[in-house]
Enquirer: 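I have a structure here, written as structure tokens, and I will follow up with some questions on it.
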Amino acid sequence: MPELPEVETLCRQLRPVIVGREIQSLRVIDRKLGHLPPLAGREVRSVERHGKRMVWMLSDGQCLAFQLRMTGRLFWLEGGETPPHARLVFFFPSGRLVLSDPRRFATVALCSPSAASPVADGLEPLDPKALAASARRRRLPVKSFLMDQRAVAGIGNIYASEILHGAGIDPTRPACSLTPAQWRRVATVSARILAKAVEARGTSISDWRDLFAGPGEYQHQLRVYGRKGERCRACRCEILRVVIAGRSTFYCPTCQK
DNA sequence: TCCCATGTTGCTAA
DNA sequence: GTTAGCAACATGGG
């Protein structure tokens, strides 16, 4: 599923295509998405992102929030084709935007034009002191802490493993046990990895595709995720897989302490 | 057939 | 209060 870099990729591709354009009509294919208010005739004023959530600001003051969850995808189509698992279609003058979602976990809902979220977004430079402060009483594994959307917005299972490898930190360490220097490493590495993943238009491990159905390229730069039994590119030791809070976690026992 | 899956929420129990 | 564990959501791929 899309994490921050994948959602950011969609936002960047979507802006030139729909910002300033009017939604002509809407077709709800999957009733599980629930009731959507009338949107026809509204113009999309902006496309924003916070963490893994995409938000459209509309000309009537409403905000529409997308949570793609595990398998939600957005595709821009100008021809007549319809992708598999289409759940929702926005008709614009120049084409259609389709929400495709095999597992049907994605949500679309109106939200209030909220003030800035108090949670730092992973693409912004993280403040190591603030990270340390919010982890001060958290004994859960630092990997789970990084994936807690209330701590940092946007980091999911793939990038949590990658960031901790880059920072040289054992993912099972209690969050409260990291030193200030280690939080500085986390802050620096996190911004660098997420930015590089955005540049690469995300990670296509299995079936992530961007707005134009193109694959991302960051899977070629992964250091640990999905590499159980392979060798660490830094020290040649074997990459291990462990389960933390029910999620696959990959790390190098030599590079990460 | 079984196991796995890039997410989130809510419950239970320690 | 915190955390782990589990189920649920629902489907497809290996």
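Residue numbering restarts at 1 for every chain, and letters A, B, ... go by the order of the sequence lines.
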Enquirer: How would you list, by chain and number, every residue that makes a salt bridge (Lys or Arg N to Asp or Glu O under 4.0 Å) with R53(A), sequence neighbours excluded?
Expert: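 Not a single residue meets the salt bridge (Lys or Arg N to Asp or Glu O under 4.0 Å) criterion with R53(A).
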Enquirer: Roughly how many Å apart are dC4(B) and dC6(C), using the P atom of each and rounding to a whole number?
Expert: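 It works out to 13 Å between them.
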Enquirer: Residues two or more places apart in sequence or in another chain: which of them pass side chain to side chain donor-acceptor pair (under 3.5 Å) with E3(A)?
Expert: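 For E3(A), no residue satisfies side chain to side chain donor-acceptor pair (under 3.5 Å) once neighbours in sequence are set aside.
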Enquirer: Using atom types as modelled and distance alone, determine if a side-chain donor or acceptor of Q256(A) lies under 3.5 Å from a backbone N or O of C252(A).
Expert: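 Between the backbone of C252(A) and the side chain of Q256(A) there is a qualifying donor-acceptor contact (under 3.5 Å).
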Enquirer: With the threshold set at 4.0 Å, does a side-chain nitrogen-carboxylate oxygen contact exist between R87(A) and D101(A)?
Expert: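 Result for this pair is no, no salt bridge flagged.
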Enquirer: For the atom pair OG (S94(A)) and CD (Q24(A)), what is the distance rounded to the nearest 0.5 Å?
Expert: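 Interatomic distance, S94(A) OG to Q24(A) CD, rounded to 0.5 Å: 8.5 Å.
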Enquirer: With sequence neighbours excluded, tell me which residues meet salt bridge (Lys or Arg N to Asp or Glu O under 4.0 Å) with E48(A).
Expert: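 E48(A) satisfies salt bridge (Lys or Arg N to Asp or Glu O under 4.0 Å) with no other residue.
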Enquirer: Do D210(A) and E6(A) come within less than 4.5 Å of each other through their side chains, counting heavy atoms only?
Expert: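 Counting from C-beta outward, D210(A) and E6(A) never come under 4.5 Å.
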Enquirer: Using heavy atoms and a sub-4.0 Å distance, could you list which residues of residues 150-157 of chain A are near DNA chain B? By number, please.
Expert: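 Correct list: G156(A), N157(A).
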Enquirer: First and last nucleotide of DNA chain B touching chain A, 5' to 3', heavy-atom cut-off 4.0 Å?
Expert: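 The footprint of chain A covers dA5(B) to dT8(B).
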Enquirer: Hey, can you tell me if Y225(A) and F250(A) have their rings parallel, tilted or perpendicular (30° and 60° cut-offs)?
Expert: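 Y225(A) and F250(A): perpendicular rings.
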Enquirer: For a quick check of understanding: with a heavy-atom distance under 4.0 Å over all strands, which category does Y159(A) fall into, base, sugar-phosphate or nothing?
Expert: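 It contacts nothing in the nucleic acid.
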Enquirer: Give me the distance, rounded to whole Å, that separates dA5(B) from dG5(C) when you measure between the P atoms they each carry.
Expert: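 Looking at atom P only, dA5(B) and dG5(C) are 16 Å apart.
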Enquirer: Looking at residues at least two apart in the chain, or sitting in another chain, which of them share a side chain to side chain donor-acceptor pair (under 3.5 Å) with Q67(A)?
Expert: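 Scan of Q67(A) (side chain to side chain donor-acceptor pair (under 3.5 Å), adjacent residues dropped) gives none.
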Enquirer: Under the salt bridge (Lys or Arg N to Asp or Glu O under 4.0 Å) test, which residues partner R233(A), sequence neighbours left out?
Expert: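 Counting only residues at least two positions away or on another chain, R233(A) forms no salt bridge (Lys or Arg N to Asp or Glu O under 4.0 Å).
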Enquirer: What does the B/S/- profile of nucleotides 2-14 of chain C look like, 5' to 3', with a 4.0 Å heavy-atom cutoff to protein?
Expert: -SS----BBBS--
Enquirer: May I have all residue pairs that pass salt bridge (Lys or Arg N to Asp or Glu O under 4.0 Å) and include part of residues 248-257 of chain A, sequence neighbours excluded?
Expert: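 For residues 248-257 of chain A: none.
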Enquirer: Rounded to whole angstrom, note down the P distance from dA7(C) over to dC3(B).
Expert: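 About 13 Å, rounded to a whole number of Å.
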Enquirer: Run through DNA chain B and report every stem of 3 or more consecutive Watson-Crick or G-U pairs, distances under 3.5 Å, ordered by first number.
Expert: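 Stem list for DNA chain B: B:2-5 with C:11-14, B:7-14 with C:2-9.
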Enquirer: Going by the salt bridge (Lys or Arg N to Asp or Glu O under 4.0 Å) test, which pairs reach into residues 212-232 of chain A, not counting sequence neighbours?
Expert: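 Found R227(A)-E230(A).
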Enquirer: Please classify the nucleic acid contact of R73(A) as base, sugar-phosphate, or nothing, using heavy-atom distances under 4.0 Å.
Expert: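 R73(A): no heavy atom of the nucleic acid under 4.0 Å.
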Enquirer: What ring pair (Phe, Tyr, Trp, His ring centres under 6.0 Å) pairs are there with at least one residue in residues 175-200 of chain A, not counting sequence neighbours?
Expert: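 Residue pairs passing ring pair (Phe, Tyr, Trp, His ring centres under 6.0 Å), neighbours aside: F145(A)-W183(A).
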